[in-house]
Structure formats: C-alpha cells, structure tokens
Amino acid sequence: MAKIQTLRGFRDISGEEIEGFRVIEEVSRKYLGLLGFSEIEVPVLEKTELFVRSIGDTTDIVEKEMFTFTDLGGDSVTLRPEATAGVVRYYLQAGLYAKERVSKLFTVGPMFRHEKPQKGRFREFHQIDVEVYGSGDSLIDAEILWMASLMLRDLGVSGYTLEVNSVGCPQCREDFRGKVVSYFEERKDQLCEDCLRRLYRNPLRIFDCKQAHCIEVSRQSPFLFDSLCGSCKEHFDIFLGHLGDFGVEAVVNKRLVRGLDYYTKTVFEFTSGALGAQQAFIAGGRYDNLVEEMGGPKVPGSGFAIGVERLTMLMGNRSSAKEPLYFFAYVGDRARKYLVPVLHSFVTSGMHLKYAYEGKSLKSQMRYADNLKADFVFILGDDEIERGIVTLRNMETKEQWELPLDPVGLPGEAKKLVVR
RNA sequence: GUGGGUGUAGCUCAAUGGUCAGAGCACUAGGCUGUGGACCCAGGGGUUGGGGGUUCGAAUCCCCUCAUCCACCCCA
C-alpha cells in the first residue's frame, strides 16, 4: 500500500521550526499589543469574488495561483492567498468604520497559493498580517515599520535591508503610465519576453526585472517616483522624516513595486540575501482606496505581512533556558506503584517528569533517561523502599542524593537540590 | 507554467550492467542479573519512488510518471 504524503508544497511544521513560529508570534503580539492592535481571526475560505476584487483580476495571484473550487452549494470559493482582503471584509461587515476613528487589527494564520515550490515558497505558508484603517497620515506608515524593526531586533534578526518607495495615487500612475509605455515601446527589441508581456499589463513591473539587459534599458527610463504628484511627493517626504524620527534606517529604491493592485503611495520591503531567491520576508504598504473599492466608505489603510517561514529561516538557533527534566526509573512492581503518585505530584507542581512505560532493566531505563537528556533521575527499587528513601542522581555531575520517599513532597525536595 | 539537479534502511550516504544491495548514525538486546554517554558483539529493519522497456542479467541504460530541491516567473 502506497504511503500517503502531504500535498505538494504543503508541509508539516515541527521541532525547531514550530518553536520558531511560537517565538515570532510571541514577540509580534507583544509589540502589536503595546501599539494598540487587536487580534482577530478571519476565515481561511471566502467567496472567490472577495479576492478577485481586492487583489486585482489581472494579477498573477488571481489569474493562476488561487486554490479555487466550487463547493457543494455551487458557489465559487477560494482558500485565502493573502489576508488583507478578509480583514477588509471583516472591517466592513462589522461596521468598524462607524464605531472607531482608527482601527488597528492583526491576524495570524495560513495562506494558500498554487505556486511551484522552491526555497522560501510553499503552497501553504503563514503570515502575521497587520492592518491599520482610518488614517492617511504617513506617521502610521513609519510607525508600523518602526514596530517591525523592534520585532526583528527582539528576534535577533540582523543583516536585512528595508527598502521604501512610493507608487503614488491612481492619478500619478495614470499620468506616468503613458510616459513609461512610450519609452519602452521605442526600446521593445531590448526587452525580454516577460517584460514585453508586462509592458501593457503592468508596466511598473519592468523595473523589477532581474535580466541584465532589461535593467540596462530601464536605467534611463523615467521613474514613477520622479513624477509623483505634489501631494504624493509630500506624503513620501514626510514619511521619510518620520522614519528618521523613529530611528529606522531605510533606503529609497525607485524600482520597488508591489504585485497587488491595491497599493498606493508608500510601499516597502524588508529583504535579506540569506533567503535565496525569495528575499522579501516582510512587505506591505499603503492602500488608500481599497476599502472604498470593496464597497465601503472612503477610508485609507496601511499595513504589512510577515512571512513567518522566511523569518524563521533568518532566526537561526535560539537557545532558551530550559526547565530541568526529571526522569523516574523504577525497578520491580513495588516501585512501580509509586509511579502514578510521583507523576501526579510533579505535574501539579508544574515540573517536567518522564519515565519508561515498560520497566525493563535499570540499565535500559538509565540509557533511555540519557537519551531523553534528563537532568535528574530518580531511582527507586526494593532497597530504597525498605529504607524509605529514593535516590536522585544528577546526570551531569553524577552526584547522588537520598531523599525521603514521599510522593507528595518529592518535587519540592528535588527542587531544593537544583537550586543549590 | 518553463528549465536544471536529486530520488537506495528511520536519517546521511556507498555500490564498473554481473553472487544474497552495503556502511555510519539511530533503534532493540546482550557483554555489565541496581546506574546513562565510550567500547565490543548480535539483531530487527529495503517492492533501490512507481510503471513500462532493453538485456542472459538493471539500483545502474532508455521512456513515462510521481515526489523533492534549486532557479525563472511571482510574492510574504
């Protein structure tokens, strides 16, 4: 019989990696809480239309990367490829815009994209998604980047770059689009196939191309950044000023663009060369028109998503101070009767005790204790029972003590020796 | 979706087309019948990813397929 395995691009997360996930969530929640963000959970499965409308129907995500299927009721449903759409839907459905001036929300969970897997890219991946609605002030953009950098500092992540740019408002983009298309049309023969495709669909992406000759062609081209309208330019300049106030280092990258249609003005990416080809591990920006486009009031928004798997790859090994592990080795049926009371007593004292289910020889149990990396081992056999004691061995120093055989008092007695 | 690499024991990997596919680690047990790591000995473990073909003979060569890794693309 063939073994059943995970679907392509889907993974089991365990061991050190899941520890990393927990640490990232813990640190993130700490700063999100301090800055007034509320956690919510939104469904993993939503109507397909939600994503088509928010992300944009000509984006790669919507065109070919969504897990979309028809449910038993005949509706087209989709596993969320990103979190913002669902959070916006919640914001509108819950009427938050009428209840509070500014809403700061975050959500944690899995996202799904039907891509070909590679380093740092999976079909199921996890994000911590941060959203702010209700203020167009660039102070918010700087604040969330500052928050992200505090998280990274706490997680011990360094050696990354924060790149920022502005993609302007729809008006800036429309004005600029004509310029850039005509520039590249004159140089069509020098562009790669992918860029020819981008030219009419999403010309800004040409600036993102990695082909040397495309970079060369676009070097002389006009940049959207240089033809921002007055208010977008001002917004960005003030944003840079706020970043400075927060002490956040960033480099302006005029080539930086986003793959989702809803971004306006500020965009940013935290990247690291240690991640392989998928270098961005936190990315986001401002989306001033999304809420309105989704049928709500004209409410600006800003936010980012942390790629949890990618961030885990940057954290390396974290050694955390562990509580000591105790092991109970018993020899004979009389000793075995003490197992349950001792275990009960340790667990209710909040202490970690392991033991072998099958008694076996003391040698075998000691070997097992060593294998489990136990710090201390209790040894109980007929000798000890006769004398009313239990032996406690420090596995590192080989020191041994005799403690009174009292299942209720044992955890406390053992702790005294550890503290000493 | 396109391209390249790799699939052999739980893990890391050997094996010129030619005995019964091996080693290290891990696991189990013994040496040591009440004391772990080192050492020694033994044992359990494999449809060589799957299917088809070539051949007297295939882990090895060919085709298909699946999985996986890396890159393109895309994005967190």
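Each chain gets a letter, A, B and so on, in the order the sequences are listed, and its residues count up from 1. All heavy atoms count here, side chains included; hydrogens, waters and symmetry mates do not.
- Residue R11(A) has no polar side-chain atom (N or O) positioned under 4.0 Å from OP1 or OP2 of U68(B).
- Base pairing of G57(B) is not made with any nucleotide, judged by Watson-Crick or G-U wobble geometry with both donor-acceptor distances under 3.5 Å.
- In this entry G22(B) has C13(B) as its Watson-Crick or G-U wobble partner, both defining distances falling under 3.5 Å.
- Considering only side-chain N and O atoms, N371(A) lies under 4.0 angstrom from the phosphate OP1 or OP2 of C27(B).
- At the heavy-atom level, K363(A) lies under 4.0 Å from base atoms of the strands shown.
- For E384(A), counting side-chain heavy atoms from C-beta on, the closest listed nucleotide (G34(B), G1(B), C70(B)) is G34(B).
- At a threshold of 4.0 angstrom between heavy atoms, the contacts of K116(A) include nucleobase atoms, whether or not backbone atoms are also involved.
- Nearest nucleotide to the side chain of D60(A), out of C74(B), G3(B), G31(B): C74(B).
- One N or O on the side chain of S28(A) and one on the backbone of I24(A) form a donor-acceptor pair closer than 3.5 Å.
- Set against G36(B), A67(B), A76(B), the side chain of M395(A) has G36(B) as its closest nucleotide.
- Taking atom P in both A59(B) and G1(B), one finds a spacing of 32 Å when rounded to whole Å.
- Among the nucleotides G36(B), G3(B), C75(B), the one closest to any side-chain atom of Q278(A) is C75(B).
- In this structure, the nucleotide among G37(B), C75(B), U2(B) sitting nearest to the side chain of K398(A) is G37(B).
- At a threshold of 4.0 angstrom between heavy atoms, the contacts of D382(A) include nucleobase atoms, whether or not backbone atoms are also involved.
- Across all strands shown, A67(B) forms a Watson-Crick or G-U wobble pair with U6(B), both key distances being under 3.5 Å.
- Set against A76(B), G36(B), U2(B), the side chain of A305(A) has A76(B) as its closest nucleotide.
- Closest approach to the R367(A) side chain among G30(B), U35(B), A76(B) is made by G30(B) (side chain taken as heavy atoms from C-beta onward).
- Nucleotide G1(B) forms a Watson-Crick or G-U wobble pair with C72(B), both donor-acceptor distances falling under 3.5 Å.
- Among F122(A), F67(A), F125(A), the single residue meeting the ring-ring contact (aromatic ring centres under 6.0 Å, His included) criterion with F10(A) is F67(A).
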